[in-house]
Asker: 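Below you'll find the structure I mean.
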Number of protein chains: 2
Amino acid sequence: MYKEKEDLHAVQKDYYKDNRKMYVAIDCIIFGFDSGNLKLLLFQRKVAPLSGEWSLIGSFVNLDEDVSAAAERVLEETTGLKNVFMEELKVYGAVNRDPGYRCISVGQYALIRLNEYDKELVKEHGAAWYDVNELPPLVLDHGQMVKDALAKLKQKARFQPLGFELLPEKFTIPQLQSVYEAIFQKELDTRNFRKKVFSHNVLVKLDEKDKTSSKRGAFLYKFDRKRYKRLIEQGNDFEVL
Amino acid sequence: MYKEKEDLHAVQKDYYKDNRKMYVAIDCIIFGFDSGNLKLLLFQRKVAPLSGEWSLIGSFVNLDEDVSAAAERVLEETTGLKNVFMEELKVYGAVNRDPGYRCISVGQYALIRLNEYDKELVKEHGAAWYDVNELPPLVLDHGQMVKDALAKLKQKARFQPLGFELLPEKFTIPQLQSVYEAIFQKELDTRNFRKKVFSHNVLVKLDEKDKTSSKRGAFLYKFDRKRYKRLIEQGNDFEVL
DNA sequence: GATAATAAATGTAAATTATACATTAATTTT
DNA sequence: AAAATTAATGTATAATTTACATTTATTATC
């Protein structure tokens with residue numbers, strides 16, 4: 001267990017003496033993508049006040065745990081997933097954001113592939129996927145967190161290849177377009193979209209088709225992270241719009 | 001003084017019982033601009049360990065204080081400035097980032113006008129302006145904070161009008177170009193730069209010249225926040241590059 | 001008071017990128 | 001064999017970006 005190193009600070013004990021410690025939590029804004037829509041994984045709050053209400057999943061940060069590690073822990077506990085895209089959104093630090101103890105929370109948004117997460121675990125947690133356009137009211141400032149996360153996603157996706165994080169490793173171009181249409185809330189032109197994504201030279205065409213959504217079938221592609229790395233090293237962005 | 005509301009949580013005391021409270025601090029990355037260079041305001045650390053070393057200015061967040069309010073407080077205490085551009089950078093939450101107590105810090109970067117701050121106050125605090133390209137070693141993870149802040153500034157300045165925050169209310173176009181050259185670390189073409197900034201229609205030309213840097217003198221301009229607001233409401237960005 | 005010196009201000013042509021838009025291709029079902 | 005369905009593709013026009021050199025206003029100097 002983590003132990004404070006009192007000695008180091010012995011000299012200026014007074015500086016620290018008044019108790020300004022507080023709880024630090026993380027809350028996960030977990031996005032998925034399915035049949036044309038962005039989805040959000042919601043949980044039923046287990047502790048009073050507001051027990052039973054819909055909420056993001058979160059946790060206190062332990063004293064012997066990095067803030068980012070706490071977020072990764074929670075994500076794994078609830079979805080079974082490690083090493084997925086997760087990034088800090090922002091700090092929610094208002095004094096009265098939690099009606100109980102003083103507690104700040106670091107919002108962390110994650111993008112996951114709906115074909116990869118552990119459905120048993122999610123069921124055990126009594127969690128459910130909601131369309132981001134049809135969310136129930138959320139506890140505390142969680143509604144604001146979701147709003148902020150959606151805005152950030154929209155922003156970031158313009159220049160970073162976030163769309164791929166929401167699709168299976170193998171995906172079709174129509175699927176990719178659909179993800180971006182959901183993120184940007186805007187219809188995109190097929191021909192211009194294809195031109196643009198291909199122009200970056202980071203997609204690898206496979207010798208395989210997905211026939212789940214058409215008779216003709218659409219070719220599957222993979223995102224090539226090495227080529228993407230080269231792209232940004234040359235000072236370019238991955239633009240979609 | 002802030003008082004925990006124990007009653008509300010009485011039922012699940014056990015959930016909170018193990019002490020996971022920690023210190024929450026903010027650290028200010030305060031940028032200025034002078035004679036072609038970005039400057040950073042640095043302080044000499046007052047508490048052990050590392051007392052006397054160069055450091056960002058920071059503070060613990062009080063229990064009855066919003067996180068953002070703590071940052072505003074510190075900025076005002078050290079520079080006398082209120083209502084200047086300040087934004088969250090990110091959370092520094094590694095377990096061992098501070099060799100003393102467990103303490104996470106929220107980096108907050110500010111852009112200030114060097115003609116406006118309170119020089120007496122800064123002197124009292126034993127602070128000094130350093131060129132961002134000639135920084136001394138900084139304590140803890142403060143060097144990383146500065147690096148991150150510079151990267152974020154570079155990113156954000158591409159689409160948000162941050163350059164103006166570093167100049168006096170009245171400025172010349174050559175000064176503005178110089179700010180952006182410092183932010184982007186790149187020389188810009190005079191004619192193309194002017195074309196671009198004027199194209200957004202957010203600069204008001206004054207009937208006044210600044211003759212401090214040329215015989216001919218350069219016209220002064222003001223940034224028109226109302227027109228900028230209109231610009232973004234129409235879904236446009238303020239692009240400079 | 002003419003000349004030199006200095007930084008400010010301006011325009012244009014070529015290249016690149018973005019936009020708008022309609023048809024053909026592959027496959028399965030009937 | 002025909003119909004139905006989604007995937008895939010190209011081109012012309014408009015808009016934007018880039019590269020680049022000269023003139024202008026003013027002060028200092030001779």
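Throughout, protein chains are lettered first and strands after them, A, B, ... in sequence-line order, and every chain is numbered starting at 1.
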Asker: Between Glu165(A) and Arg113(A), is the closest basic N to carboxylate O distance under 4.0 Å?
Answerer: yes

Asker: Do the side chains of Met145(B) and Ser105(B) get nearer than 4.5 Å, heavy atoms only?
Answerer: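 Yes - at least one pair of side-chain heavy atoms lies under 4.5 Å apart.
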
Asker: Pick the closest DNA chain D nucleotide for Ile173(A) and for Thr190(B) by heavy atoms, then say which residue is nearer the 5' end.
Answerer: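 It is Ile173(A) whose nearest nucleotide is closer to the 5' end.
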
Asker: Which is it for Leu203(A) and Ile173(A) under the side-chain contact (heavy atoms from CB on, under 4.5 Å) test, yes or no, and what are the steps along the way?
Answerer: CA-CA 10 Å; Leu203(A) 296 187; Ile173(A) 305 302; 3.8 Å; yes

Asker: Specify the separation, in whole Å, of atom CZ of Phe193(B) and atom C1' of dA8(C).
Answerer: 14 Å

Asker: Taking the six-membered ring for Trp, are the ring centroids of Phe238(B) and Phe159(B) within less than 6.0 Å of each other?
Answerer: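 No - the distance between ring centres of Phe238(B) and Phe159(B) does not fall below the 6.0 Å cut-off.
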
Asker: Could you check whether Lys39(A) pairs with Asp34(A) (Lys NZ or Arg NE/NH1/NH2 to Asp/Glu carboxylate O, under 4.0 Å)?
Answerer: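 No, Lys39(A) and Asp34(A) are not salt-bridged.
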
Asker: Are any non-hydrogen side-chain atoms of Leu176(B) and Phe164(B) less than 4.5 angstrom apart?
Answerer: yes

Asker: Nearest whole Å is fine: how far is dT19(C) C1' from Lys186(A) NZ?
Answerer: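 After rounding, the gap between these two atoms is 11 Å.
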
Asker: Between Arg194(A) (CZ) and dT17(C) (P), how many Å, whole number?
Answerer: 21 Å

Asker: Nearest whole Å is fine: how far is dT19(C) C1' from Leu241(A) CG?
Answerer: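 In whole Å, dT19(C) C1' lies 13 Å from Leu241(A) CG.
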
Asker: How would you give the extent of chain B contacts on DNA chain D, as first and last nucleotide 5' to 3' within a 4.0 Å heavy-atom cut-off?
Answerer: dT17(D) to dT27(D)

Asker: Can you pull out the residues from residues 153-165 of chain B that lie within a 4.0 Å heavy-atom distance of DNA chain D?
Answerer: none

Asker: Do Phe85(B) and Ile112(B) come within less than 4.5 Å of each other through their side chains, counting heavy atoms only?
Answerer: no

Asker: Are any non-hydrogen side-chain atoms of Leu166(A) and Leu38(A) less than 4.5 angstrom apart?
Answerer: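 Touching, per the 4.5 Å side-chain cut-off.
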
Asker: Report yes if the distance between the aromatic ring centroids of Tyr117(A) and Trp129(A) is under 6.0 Å, otherwise no.
Answerer: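 Yes, close enough.
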
Asker: Between Glu239(A) (CD) and dT17(C) (P), how many Å, whole number?
Answerer: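 Glu239(A) atom CD is separated from dT17(C) atom P by 10 Å.
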
Asker: Hey, are Thr212(B) and Asp210(B) close enough side-chain-wise for a donor-acceptor pair under 3.5 Å?
Answerer: yes

Asker: I'd like to compare against my own output: the B/S/- annotation of nucleotides 11-16 of chain C with a strict under-4.0 Å heavy-atom distance to protein.
Answerer: BB----

Asker: Taking the six-membered ring of Phe198(B), is the NZ or CZ of Lys195(B) close enough (under 6.0 Å from the centre) and on axis enough (within 45°)?
Answerer: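 Because its charged atom misses either the 6.0 Å distance or the 45° angle limit, Lys195(B) does not stack over Phe198(B).
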
Asker: Is Lys82(A) salt-bridged to Glu72(A), going by a charged N under 4.0 Å from an acidic O?
Answerer: no

Asker: Output the residues of residues 199-206 of chain A in contact with DNA chain C, where contact means a heavy atom of the residue under 4.0 Å from an atom of the strand; sort by number or write none.
Answerer: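 Of all residues in residues 199-206 of chain A, none places a heavy atom under 4.0 Å from DNA chain C.
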
Asker: Whether Lys229(B) and Glu233(B) form a salt bridge (side-chain N of Lys/Arg under 4.0 Å from carboxylate O of Asp/Glu) is what I want to check.
Answerer: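 Answer for the salt bridge query: no.
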
Asker: Of all of residues 207-219 of chain A, which get a heavy atom below 4.0 angstrom from DNA chain C, listed by number?
Answerer: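 Residues of residues 207-219 of chain A under 4.0 Å from DNA chain C: Lys209(A), Lys211(A), Lys215(A), Arg216(A).
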
Asker: Below 4.5 Å, heavy atoms only, C-beta onward: do Val202(A) and Pro161(A) meet side chain to side chain?
Answerer: no

Asker: Could you tell me if Tyr92(A) and Asp148(A) have a donor-acceptor pair between their side chains, going purely by distance under 3.5 Å?
Answerer: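 A donor-acceptor contact under 3.5 Å links the two side chains.
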
Asker: Taking salt bridge (charged side-chain N to carboxylate O under 4.0 Å, His left out) as the definition, give me every residue that meets it alongside Asp237(A), ordered by chain and number, with sequence neighbours left out.
Answerer: Arg158(B)

